[in-house]
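The structure under discussion appears below in the form of structure tokens.
We name chains A, B, ... by the order of the sequence lines, and we start the count at 1 in each one.
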Amino acid sequence: MNLFAQMRSRVLDALSQMISDGVLPDGLDFANVAVEPPRDAAHGDMATNAAMVLAKPAKMKPRDIAEALAERLGLLAEVESATVAGPGFLNLRLDPSIWADLVQTIVTTPEYGRSDMGQGGKVNVEFVSANPTGPMHVGHTRGAVFGDALASLLSYAGYEVTREYYINDGGAQVDVLARSVYLRYLQAHGQEVEFPEGTYPGDYLIGVGEALKEKVGDTYLDKGEQFWLADVREFATEAMMEMIRGDLAALGVTMDRFFSEKSLYGTGRIEGALAELDGKDLIYRGTLEPPKGKLPEDWEPREQTLFRSTAYGDDVDRPVQKSDGAWTYFAPDIAYHWDKIERGYDQLIDVLGADHGGYVKRMKAAVAALSDERVPLDVKLCQLVKLYKNGEPFKMSKRAGTFVTLRDVVEEVGADVTRFVMLTRKNDAPLDFDFAKAIEQSKDNPVYYVQYAHARCRSVLRKAEAAGITAASPVLTDAAEIDVVRALAEWPRVVEIAARTHEPHRIAFYLYDLAQSFHALWNRGNDRPELRFWQEGDAGSTAAKILLPQAVSVVISAGLGILGVTPVEEMR
RNA sequence: GCACCCAUAGCUCAGCUGGAUAGAGUGUCGCCCUCCGAAGGCGAAGGUCGUAGGUUCGAAUCCUACUGGGUGCGCCA
């Protein structure tokens, strides 16, 4: 039930009618005809740009079309008035009964706002994909929250979504991890150890070293690397993934699948993917030009195996093999995306940190090539999170012990607040995260503001329930009441726009707006008792009032659900 | 040097497929609890939408150039 979509189809009907009546010429494309909320509510409840969009192709004046359209729309039962304004806008004022009906619909329709836009299309959202070498830090947190909310949003919009984590367990960094754990293992055996450059000195590996000792005893003592490296690598990686799973769980994120990079090695998967590209004549041996400007000190021309990504819009072709013959990071990633394509996804989404921006074009090129441009890949880059404490920049340093992990943040401010704050910014805009402000329970803090609105709704509803009052058809008269319903009417639109643009932050902003109009109405009850939801000693009036807060709570709860934030029953 | 992202109120940011007088929060100033939850509300003030062109009936939005900031640029992942 989307009032705007409904009205749009009324408008299109009217336009078709105008064509058959000879008012408009044949063969017009209505694709750009939109029905939207007007910028200013004083203009009306809805506005359509139909006349302006069609003026040129119909070779008519916008106002002429608008007037003819207004005449027809004015006849509809749900339209109270249709007036032409400005350059050719058609403003519609709806019959007041529409609003009451909508409120009724919201509380009786399961999941009002859920959309079938996705048509069950399969979408894979890959996110977090942090190296399994340590705990997740704040930077990962944003990607985790964003990816999870995006996945929920798409699912709400009718897509079949898989949440996936790509474990980078194939490169040199897991060897470093293994060596670091080995040192902790020696330490667990009472040896003095030092952590040389190129190892991870973090305390979080102490327990892993002890666990390794527990498992293998003294088997690896005084042994060469070749003897223990592979085993320790696996043991350590598994321990890290265990930790990361726990970190994600603390945030409320559950992956559907963890995909191991290492599983691509030695199984022919990488070779297979590259053969696929080679079959399209996109792999060749060649030498890259050095990058212009600053030349790397040790630059020397080398022949490498290259992927012809320029055939799909990249700036230069990209190496898939290092000079020593080992794969670059890109090669298994090609194989990974090939795997995703083969699993039948209609759409791929990668959520990456902004520092991977340079990687986007080649990955898109690879996916386009491998899927014959059938499967779109959207790469969402999350900008950095800048930490503050009471307005003061909070510098992170592993050495100074001020390294901030995801756990630190969640323990300090809670998962709900963390998630909401991370989503109050567009993904490609940098985010300031202030610890002190995040836990402050005030209007400074949008989370509490939205939750407060929900709590107020629930509070009234509990009171009504306790009094045995059940909701009856609402009577909506005041402008503040209509404002709230107007906001509710936009919910399905917001879901679709947010899903289409892959921008979950729109949900957060919408909820804030909805909460705002609700709080405004609530406070109006201070001066005008007849606007209160609870009408003391008048069960009949109360019954007619409480459907609106019920509808608000339905939408807030659905919206917060998408963001993964708890819609609380009461503030404490 | 090249590529990608960003530039909107003092500050932090929204702004839908190009649409009407560009919106919130915060900060500043004034007001509102005998009142359903003041963790709230109302009002005032605050803008050459980085600059210059272009496309269009119409541009914060699209195109080009420039300025300023971020990120990245073979053998890190």
Review point. Tell me: CD1 of A:I497 to C1' of B:rC16, nearest whole Å?
Key: 4 Å
Practice item. Starting from P on B:rG40, measure out to NE2 on A:H454 and report it in whole angstrom. Key: 18 Å
Exercise for review: Can you check each nucleotide of nucleotides 55-62 of chain B against protein heavy atoms at under 4.0 Å and return B for base, S for sugar-phosphate only, - for none, in 5' to 3' order?
Suggested key: -SB-----
Review point. Does a side-chain N-to-carboxylate-O contact under 4.0 Å join A:E569 and A:R462?
Key: yes
Point to revise | Integer-rounded Å distance: B:rA77 C1' and A:D169 CG | key: 12 Å
Revision key, fill the gap. Across every strand shown, the nucleotide meeting Watson-Crick or G-U wobble geometry with B:rU34 (both distances under 3.5 Å) is none
Check your understanding: What is the pairing partner of B:rU28, taking Watson-Crick or G-U wobble pairs with both distances under 3.5 Å in any strand?
Key -> B:rA44
Review point. What is the distance, rounded to the nearest whole Å, between atom OH of A:Y359 and atom C1' of B:rC73?
Key: 14 Å
Check your understanding: Is the closest basic N to carboxylate O distance between A:D350 and A:K380 below 4.0 Å?
Key -> no
Review point. When you match A:L521 and A:A515 each to their closest nucleotide on RNA chain B, which lands nearer the 5' end?
Key: A:L521
Exercise for review: Do nucleotides 4-14 of chain B as a string where each nucleotide becomes B, S or -: B if the base has a protein heavy atom under 4.0 Å, S if just the sugar-phosphate does, - if no protein is that close.
Suggested key: SSS-----SSS
Point to revise | Under-4.0 Å salt bridge between A:E481 and A:K545 | key: yes
Point to revise | Separation of the P atoms in B:rG70 and B:rU12, to the nearest angstrom | key: 15 Å
Check your understanding: If you take atom types as modelled and just measure distance, does the side chain of A:N91 reach the base of B:rA20 with a donor-acceptor pair under 3.5 Å?
Key -> yes
Practice item. Check whether any side-chain heavy atom of A:L306 sits under 4.5 Å from a side-chain heavy atom of A:R318, and report yes or no. Key: no
Exercise for review: Test A:E126 against A:I349 for side-chain contact (heavy atoms from CB on, under 4.5 Å), laying out the working first.
Suggested key: CA-CA 6 Å; A:E126 179 207 329; A:I349 299 175; over 6 Å; no
Check your understanding: Looking only at atom C1', what distance separates B:rA45 and B:rU26, rounded to whole Å?
Key -> 14 Å
**Study point:** Quiz item: A:N523 side-chain donor-acceptor pair to B:rG40 base, under 3.5 Å
**Key:** yes
**Study point:** Distance test, side-chain N/O of A:W299 to OP1/OP2 of B:rC75, below 4.0 Å
**Key:** no
Review point. For B:rG37, does either OP1 or OP2 sit under 4.0 Å from a side-chain N or O belonging to A:S459?
Key: yes
**Study point:** Inter-nucleotide C1' distance (B:rC2, B:rU8), Å rounded
**Key:** 29 Å
Review point. Under the 3.5 Å rule, do the base of B:rC75 and the side chain of A:R302 count as making a donor-acceptor pair?
Key: yes
**Study point:** G-U wobble or Watson-Crick pairing nucleotide for B:rC16 (cut-off 3.5 Å, both distances)
**Key:** none
Exercise for review: In whole angstrom, give the distance that lies between atom CG of A:L352 and atom P of B:rG72.
Suggested key: 14 Å
Point to revise | Donor/acceptor link under 3.5 angstrom from A:R524 side chain onto base of B:rC42 | key: no
Exercise for review: Using the six-membered ring for Trp and the full ring for Phe, Tyr or His, decide whether A:H519 stacks on the six-membered base ring of B:rG41 (centres under 5.5 Å, planes under 30°).
Suggested key: no
Practice item. Go through the steps to decide whether A:N168 and A:Y329 satisfy the test side-chain contact (heavy atoms from CB on, under 4.5 Å), and finish with yes or no. Key: CA-CA 9 Å; A:N168 294 131; A:Y329 172 75; 3.4 Å; yes
**Study point:** Whole-Å C1' distance, B:rC11 and B:rU56
**Key:** 35 Å
Check your understanding: Is any side-chain N or O of A:Q516 closer than 4.0 Å to OP1 or OP2 of B:rG40?
Key -> no
Point to revise | Residue A:E530 excluded, over 12 heavy atoms near CD under 6.0 Å | key: yes
Check your understanding: A:Y512 and A:Y449: aromatic ring centres closer than 6.0 Å?
Key -> yes
Practice item. Begin with the C-alpha distance, continue with both residues' side-chain angles, and end with the deciding distance and a verdict on ring-ring contact (aromatic ring centres under 6.0 Å, His included) for A:F89 and A:H43. Key: CA-CA 10 Å; A:F89 275 101; A:H43 293 140; 8.1 Å; no
Practice item. Could you pick out which residue, A:P319 or A:P38, lies toward the 5' side of RNA chain B when each is mapped onto its nearest nucleotide? Key: A:P38
Exercise for review: Check A:Y165, A:Y166, A:Y265 against A:Y336 for a ring-ring contact (aromatic ring centres under 6.0 Å, His included) and give me the one that passes.
Suggested key: A:Y166
Review point. Expressed in whole Å, how much space separates the C1' atoms belonging to B:rU64 and B:rU21?
Key: 30 Å
Practice item. Measure the distance from CD on A:Q173 to C1' on B:rA77 and round it to the nearest whole Å. Key: 6 Å
Practice item. May I ask you to check whether A:F330 and A:Y359 place their ring centres under 6.0 Å from each other? Key: yes
Check your understanding: Rounded to the Å, how far apart are A:K364 NZ and B:rA3 P?
Key -> 17 Å
**Study point:** Rounded distance in Å between the P positions of B:rC62 and B:rG25
**Key:** 27 Å
Review point. For B:rG53, what is the paired nucleotide under Watson-Crick or G-U wobble rules, both distances under 3.5 Å?
Key: B:rC63
Check your understanding: For A:G86, which contact category applies under a 4.0 Å heavy-atom criterion: base, sugar-phosphate, or nothing?
Key -> nothing
**Study point:** Close side-chain approach of A:V379 and A:L381, heavy atoms under 4.5 Å
**Key:** yes
Study note, to complete from the structure: Side-chain contact check for A:Y449: nearest option of B:rC76, B:rG40, B:rG19 is B:rG40
**Study point:** Pair assignment for B:rG72, Watson-Crick or G-U wobble, requiring both distances under 3.5 Å
**Key:** B:rC2
Point to revise | Spacing of the P atoms in B:rG68 and B:rA22 (rounded, Å) | key: 30 Å
Point to revise | Pairwise P distance for B:rG15 and B:rG53, with rounding to whole Å | key: 28 Å
Exercise for review: Please work out whether the ring planes of A:F518 and A:F533 are parallel, tilted or perpendicular, with thresholds of 30° and 60°.
Suggested key: parallel
Check your understanding: What is the distance from CG of A:D513 to P of B:rG41, rounded to the nearest Å?
Key -> 12 Å
Review point. Base, sugar-phosphate, or nothing for A:N168, non-hydrogen atoms under 4.0 angstrom?
Key: sugar-phosphate
Point to revise | Residue A:E503, side-chain heavy atoms: nucleotide from B:rG15, B:rC76, B:rC36 that is nearest | key: B:rG15
